[in-house]
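Below, chain A is the first sequence line, B the second, and so on; all start at residue 1. Since the structure is predicted, the reported quantities are computational estimates derived from the model, not experimental observations.
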Amino acid sequence: MATATGNQKLAQGTWNKLDKHLQTRILEISKAKKNGTKIIGVFPGDWVPEELIHAAGAVSLGLILGGEPDPLEASHSVLPRFICPFARAACGYGLVPDRPMYKLPDLYVDPVSCQSMRRVGDIYSYYLNANVFKLGIPHFPWQDDHLNYYKGTLQELAKTLEELTGKPLGDLKTSIDLYNRIRSALLELSQMRKSPNPPISGKEFIKLNHASLIGDPEVVAEILESLVQELQAQEVEGKGPRLMITGPCIAQGDWQTLDLVEEMGARIVVEDVVEGMRYYWRNIKTDGDLMDNLAKGYLRDRRLWPFTVGSTEVRSENLFAMAKEFNADGILWYQLKYCECYDMESFYNAEKASEKGVPFLKLQSEYQLEDRGSTKTRIEAFLETIGN
Amino acid sequence: MTTASVTYESALKELLELFAFEPDEIETEWPRIKKTFDIWEITAEDIVAAIERANQYYDLSLKGVRMILNIHLRELCHVTLAGEEKEKRIYTVMPCNIGDLITAFAMVHPNCYAGFPDFYCFLTLGTLFKKTGAYMDEAEKWFMYPGEGHCTCNMFRAAALQKKKYPKPDVIVTYSHYCDEAWKNEEFLHTYLGINYVTVDRTQDTPWEHGKDTINWRNLRFYVESMKQARQQMEEIIGLKITDDDLGASLMDTGYYAGLINRIVELATNTDPAPITFKDIVPAIWISMCGVMPDNRPRRKAAIETLWAEVQERAAKGEGPLPKGSPRYMSGGFAFVIDPLIPAFLEEQGLVCTCAEACYWMPNATLDPPMLGSPGLEPTEEFAAGGIGIFEMLGFGFYLAGIPNSLSARVQMVDKTLDNIQAGAYPVDGVIMPGHYPCRVYGTDSLVIKDVVDKKGIPNMALELDQFDTRYYSFNAMRTKLEAFVELVKLHHVTKG
């Protein structure tokens, strides 16, 4: 059975360009820091408008690593086990010496979307004496008072950035335009996966999304737009089942499950995750009050996240609608252990999947390599079910 | 009393007498209590065991303690029978930061039950009767899978409602800003059982320091607005209203009660021998958080005044559960809920717990703003002049109750508490930190708090356990650790000079 990615990658030159950029990115950021540029570490969830950071003349660095057991273990010196492994890993990366990326930021922006992420900011603040800006996420995004609160917090963030960089915010519209280019390109690439033989695999797309959180936005925008041009109307033949993956987070480096799926000939055609990836399904308006537009875009004009009050049913409807839109044969629920809200939703969605006759598999991860064998067996059985 | 020789009636009578029910009250309350116990399937054997546990856990020579346990039992009856006794029912859940708002409805409207059912179930069915484990099993078969660290407080509620052990409320008031899971639980209860819920929101993005001048007013105002909206939604759902004055009266009443608790803690911390240990104050503390029905408001006032008088008398006579000069320790984190066996064991080993880390139990503290209703204080006009209205006080109250808004605030509180105590006449020789492992908010701070205590050179121990679920907990498994803690504390006491 042909693998989804094939042996000859389409647009190889552009992929190589991206790889080369990413290989030297951290070094580049270190040099920029030495030259006085401020580095802003952003914990993911797409709550933090990088546009503000860009307009401030600072560098936004997505802190999105995960999937490795060692940083997780390192975190247990400061945290009990019972928060999600992504949050623990984020703490661990800050503590271990061999991840300089996590030590670079002059300011860490920590969106308090859940208690686990709040704890990350706390640990950085207490143990690393880091400069942490906590960005509170209200839970009723459709309410104007909540939107106004969030907007107020973004204004405080903007002020903090100005104080840090020592200069006023630059042209915000230009920054919004740039990130809109990134989102638009990601959307076009993602939509290509609706075709029967997508020119881009699930893992490739996720890697591109991650790259957009770490890379230079100008370079990334250009690369993504090149890929859109090069991959349009292209196909990579594949016959395996088409899967949607959903869960709290797919971190950069958390490849075990994706690799297993693709090794067994299945294809991830769409994902719906809250953290670790950029939300690209909408752009930010550039007319009128830009801060207002950012607040609405980042809080309200997006798929609800599980910590939004009253979101389970709507999220479930969106999940199955997206699976249908992308012609997914089944749903893989990628549960990070101890993410309690997602775990509860898995019960609800498993029921719904059964009612709708949609194959559904829940896999749990705590970033442990020894899970590989059992995970592989379960995926194999799941794919056989779909095949039958 | 052995189970072989006991009848249900004699066992229950003994329990009620132990919990300070007067003879006429036993007669009056008997049908309700019996009915409640039947619903929860409490047998004669369970009651005999509960009596033994109560004697083991608590200093029942203090009538005030027994009067508090009396209230726990009454509140269990209130919630269990609220379906047939009351037309309207409002429940709240952890962390119960607007308990006074909820219970104000019951204060004003006799046809309304309002309270925090889960906690009263834990304090009675859990602590004394050990009957809560089965409900955790049921929740795990439903939407709270095992092994994911779901909060057992939420699990109990889901199962108890599903099994109709206590009646469905008209509305549950929950919180989306403190515990990620609580409101999600309510959403599922709405989906599967049709229970309405309203949510109080805030964002935990700012530390609230201890003082009016350091409050983040934007955050507080957001919180206040959320509480007001919750009040309005409750009123719409249940068709009953309360005024700001009603809320004020509820707060003042609780403030008076909590203020006396604070004085008891201060006395224990600053007297040797300590006239009372903290484990005997904890049952009173939970009442201040959970709220009580109107008939129990005068009872709780009487109970705390009795307890205050008793400990003052003991202090004057130089009496206490442990001899003068006994080593002391502070209890950090969650106070023991379902298993006071741990502090009881430590007391048996000669250690006296005089205080906890949390704010209003924090001895020698000057509270700013002062606690509403504190004895001798008439704060309403003063607060209004300072721009602090009744809803702001409600918001503060949560913080004053010792559940901080951020880790940095908690670190400061622990730091300040320990500095206060260590500078006093009777410093502590150890700190024990019982966690609640599924609590992402509070339980995940444990190693940081341990670090704070370590830096002060005070022997300490973090205990990871579930405060509401003893299915997987074994005291004997903890015993070795506790014995080591005892040795450390005693050594520190002897060598500190």
Side-chain angles (χ1 to χ4, degrees), chain A residues 75-84 87-88 110-116 118-119 121-123 125-127 132-140 143 145-146 148-150 152-153 156 306-313 335 337-348 350-351 362 364, chain B residues 142-145 147-151 154 158 174-181 183-188 190-192 197-199 201-207 218-219 221-223 225-226 229 406-408 410-411 435-448 450-452 462 464:
Chain A
S75 76
H76 296 156
S77 63
V78 300
L79 277 175
R81 262 183 84 193
F82 305 103
I83 64 170
C84 87
R88 278 184 277 153
D110 175 29
V112 184
S113 52
C114 66
Q115 291 301 324
S116 294
R118 179 179 83 109
R119 193 56 75 223
D122 287 338
I123 295 295
S125 205
Y126 183 81
Y127 283 102
V132 176
F133 182 99
K134 278 195 181 151
L135 202 157
I137 312 296
H139 296 81
F140 291 82
Q143 276 184 213
D145 55 339
H146 285 234
N148 288 337
Y149 183 84
Y150 177 71
T153 310
E156 285 184 7
F307 306 100
T308 319
V309 175
S311 62
T312 302
E313 196 177 331
Q335 175 69 32
K337 199 166 163 73
Y338 303 126
C339 180
E340 71 271 51
C341 283
Y342 255 96
D343 189 60
M344 289 161 76
E345 284 199 354
S346 75
F347 173 89
Y348 182 85
E351 273 192 348
K362 179 183 174 188
Q364 193 188 62
Chain B
W142 196 14
F143 58 80
M144 298 175 112
Y145 296 121
E148 283 288 336
H150 287 290
C151 177
N154 295 325
T174 187
Y175 312 88
S176 53
H177 63 284
Y178 195 71
C179 170
D180 292 328
E181 189 181 77
W183 76 261
K184 198 82 173 176
N185 195 44
E186 272 56 87
E187 192 199 32
F188 274 59
H190 177 73
T191 300
Y192 290 104
Y197 67 102
V198 303
T199 312
D201 196 31
R202 194 174 74 82
T203 62
Q204 281 189 294
D205 50 357
T206 55
R218 192 173 77 93
N219 192 269
R221 297 280 176 231
F222 177 75
Y223 186 32
E225 193 50 43
S226 185
Q229 285 174 14
S406 73
L407 178 57
S408 60
R410 187 178 173 194
V411 163
H436 175 49
Y437 89 82
C439 183
R440 274 51 162 198
V441 190
Y442 219 60
T444 53
D445 291 348
S446 56
L447 294 177
V448 173
K450 182 172 170 41
D451 190 66
V452 172
E464 207 171 80

Heavy-atom distances under 4.5 Å only: say whether [X] touches chain B with side chain, backbone, both or neither.
X: A/L79; value: both
X: A/P306; value: both
X: A/E345; value: both

- Considering only heavy atoms, which portion of B/S226 lies under 4.5 Å from any heavy atom of chain A: side chain, backbone, both, or neither? neither

- Would you mind checking which part of B/D201 comes under 4.5 Å of any heavy atom in chain A, side chain (CB onward), backbone (N, CA, C, O), both or neither? side chain

Closest heavy-atom contact between [X] and [Y]?
X: A/Y338; Y: B/G147; value: CE2-O, 3.6 Å
X: A/S311; Y: B/K184; value: OG-NZ, 3.7 Å
X: A/G310; Y: B/W183; value: N-CZ3, 3.2 Å

Do [X] and [Y] make a side-chain contact, defined as non-hydrogen atoms from C-beta onward lying under 4.5 Å apart?
X: A/V309; Y: B/E187; result: no
X: A/Y126; Y: B/V452; result: yes
X: A/Q364; Y: B/Y145; result: no
X: B/E148; Y: A/E340; result: no
X: B/T199; Y: A/H139; result: no
X: B/R440; Y: A/R118; result: no

- How long is the span from the CG atom in A/D343 to the CD atom in B/E181, to the nearest 0.5 Å? 8.5 Å

- Roughly how far, to the nearest 0.5 Å, is the CD1 atom of A/I123 from the CG atom of B/L447? 8.0 Å

[options]: which one forms the most heavy-atom pairs within less than 4.5 Å of chain A?
options: B/V448, B/T174, B/V411; value: B/V448
options: B/E225, B/E464, B/H190; value: B/E464
options: B/E186, B/M144, B/Q229; value: B/Q229

- Query: Are the side chain of A/R119 and the backbone N or O of B/V441 linked by a donor-acceptor pair below 3.5 Å?
  - Reply: yes

- Contact leader toward chain B among A/A350, A/S77, A/P80, where contacts are heavy-atom pairs under 4.5 Å: A/P80

- Of A/T312, A/T308, A/V78, A/T153, the largest count of non-hydrogen pairs under 4.5 angstrom with chain B goes to A/T312

Side chains of [X] and [Y], donor plus acceptor under 3.5 Å:
X: B/D451; Y: A/Y127; answer: no
X: B/Q204; Y: A/Q115; answer: yes
X: B/T203; Y: A/Y149; answer: yes

- If the plane angle is over 60° it's perpendicular, under 30° parallel, otherwise tilted; pick one for B/Y192 and A/F347. perpendicular

- With sequence neighbours excluded, what pairs up with A/S113 under the side chain to side chain donor-acceptor pair (under 3.5 Å) test? A/E275

- Answer yes or no: does atom CD of A/E313 have more than 12 heavy-atom neighbours from other residues, nucleotides or ligands under 6.0 Å? no

- Query: Excluding sequence neighbours, so at least two apart, what forms side chain to side chain contact (heavy atoms under 4.5 Å, CB included) with A/V132?
  - Reply: A/Y108, A/D110, A/Y124, A/S125, A/A130, A/K134

